[in-house]
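The structure displayed is predicted, hence computed values, not measured ones.
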Amino acid sequence: MKAVTWQGKRNVSVENVPDPTIQEPTDAIVRITSTAICGSDLHLYEVLGPYMAKGDILGHEPMGIVEEVGSAVTKLKVGDRVVIPFNISCGHCYMCTRGLQSQCETTQVHEQGSGAALLGFSALYGSVPGGQAEYLRVPFADYGPVKVGSDLPDERYLYLSDILPTAWQGVQYADVPKDGVLTVYGLGPVGQFAARIGRYLGHRVIGVEPVPERREMAARHGIETIDFSEETAEELRSMTGGRGPDAIVDAVGMEAHGSPVGAFAQNAVGILPDKLAQKVMETGGSDRMTVLHSAIDAVRRGGTLSLSGVYGGAASPMPLLTMFDKQIQFRMGQCNVRRWTDELLPIVEEASDPLGVTDLMTHEVSIDEAPAAYKNFQKKTDGAIKVVLKPQGVSA
């Protein structure tokens, strides 16, 4: 089969690799019809290379048709149409039964001290082959896959794999008061959905984003938008009665622009031998903290910061004195996808499309075009906001 593989920093290629097979009786094989490039894939493309091996299959936002099931699978059958969450979770352990599927005790990657294994996401999370491929092996197939209908197009459902529940969790964790103001830093795919979810839940939402095309997309959904600058925190206070937003979702993370120190650290890590680079990332500061520090400055006293963007450096400097003095609450963590999908599925199926899931994809390309698509997405060129790959070919 064809699959998108990691070959080095800023280097992916489409290769022919062996088809996946049933390895456990709880597995299923899914023929992938759509699979997206996520902002987290860019971390592997750029920053987290030390945890990758040449030939690793990328991708953790897939959906498709069940082709084969293991002998112990009872809830799926061949021909079912499914969305595959990026968490690999069992559904019955202590963590899963408490809605913390990203901490699944059955699949935790103990040798890395990490939470649940993830599809297509490096040695940090189990080195499990990902979904940017023609076929995918899905563990714990009776729990993870979300069965969906056959009438609506893939783009109605695809984002249930990751970015839509990630955004939903981010807003839930933000705990916006009923009459409160939510600010979303970063209007990439997760930020777009977080902003729209805030509006859907009845909040005033302000999006902060330096890329004009992303601000324009958010504005179509009733989001107030401003550019990002050194004056962003003061601008947000001026828009909110001098206090600042009640809650902020940081949907940017380690890829933030505007931090030369963080950029230097990330580039330096990229040229070290893998084992040494891993140690630097685990014990040093390698994140671009500009956005997070701006959010800490901007949020009102007693407000909440919800981190959906991924940060990777253990020693990244935090203004703890300010955080304590302002009595800021922090919520964060890898999304617990299956905690939210039952709640979100009816919303994405509504005829009115209240979250605008059909207004996110900017590029739909064949899997053979993945290398160029990664480059465009990472450089934010050609208006790339959300790229969807079609392993079985793009419809005419």
N/O donor-acceptor pair under 3.5 Å between [X] side chain and [Y] backbone:
X	Y	result
Arg196	Gly356	yes
Thr183	Pro245	no
Glu134	Lys2	yes

Going by the salt bridge (Lys or Arg N to Asp or Glu O under 4.0 Å) test, which pairs reach into [range], not counting sequence neighbours?
range	value
residues 22-36	Asp27-Arg137, Arg31-Glu67
residues 180-191	none
residues 213-222	Arg215-Asp227, Arg220-Asp359
residues 94-118	none

Contacts of [X] that satisfy side-chain hydrogen bond (donor to acceptor under 3.5 Å, both in side chains) - sequence neighbours left out:
X	answer
Ser71	none
Tyr143	Gln101
Thr97	none
His203	none

Residues two or more places apart in sequence or in another chain: which of them pass ring-ring contact (aromatic ring centres under 6.0 Å, His included) with Tyr45? Tyr374
Work out which heavy atom in [X] is nearest to a heavy atom in [Y]; give both atom names and the distance.
X	Y	value
Ala233	Ser294	CB-O, 4.0 Å
Val171	Ala194	CG2-O, 3.5 Å
Ser306	Gly170	OG-O, 2.7 Å
Pro371	Val14	CD-CG2, 4.0 Å

Does a donor on one side chain sit under 3.5 Å from an acceptor on the other, for [X] and [Y]?
X	Y	result
Glu209	Tyr185	no
Thr232	Glu234	no
Ser102	Asn87	no
Thr240	Arg243	no
Ser238	Glu235	no
His363	Asn376	no

Over 12 non-hydrogen atoms of neighbours within 6.0 angstrom of NZ in Lys326: yes
Write out all pairs satisfying ring-ring contact (aromatic ring centres under 6.0 Å, His included) with one or both partners inside residues 54-101, taking only residues at least two apart or from two chains. His60-Phe86, His60-Phe121
Are [X] and [Y] within salt-bridge range, i.e. N to O under 4.0 Å?
X	Y	answer
Asp179	Arg204	no
Asp297	Arg237	yes
Glu68	Lys77	no

Approximate separation, where rounding is to 0.5 Å, of Leu118 CG and Thr107 OG1: 8.0 Å
Hydrophobic side-chain clustering at under 4.5 Å (ILVMFWY, transitive links): who's grouped with Tyr173? Put none if nobody. none
Other than Val78, what residues sit in its cluster of Ile, Leu, Val, Met, Phe, Trp and Tyr side chains whose heavy atoms are under 4.5 Å apart, directly or through others? none
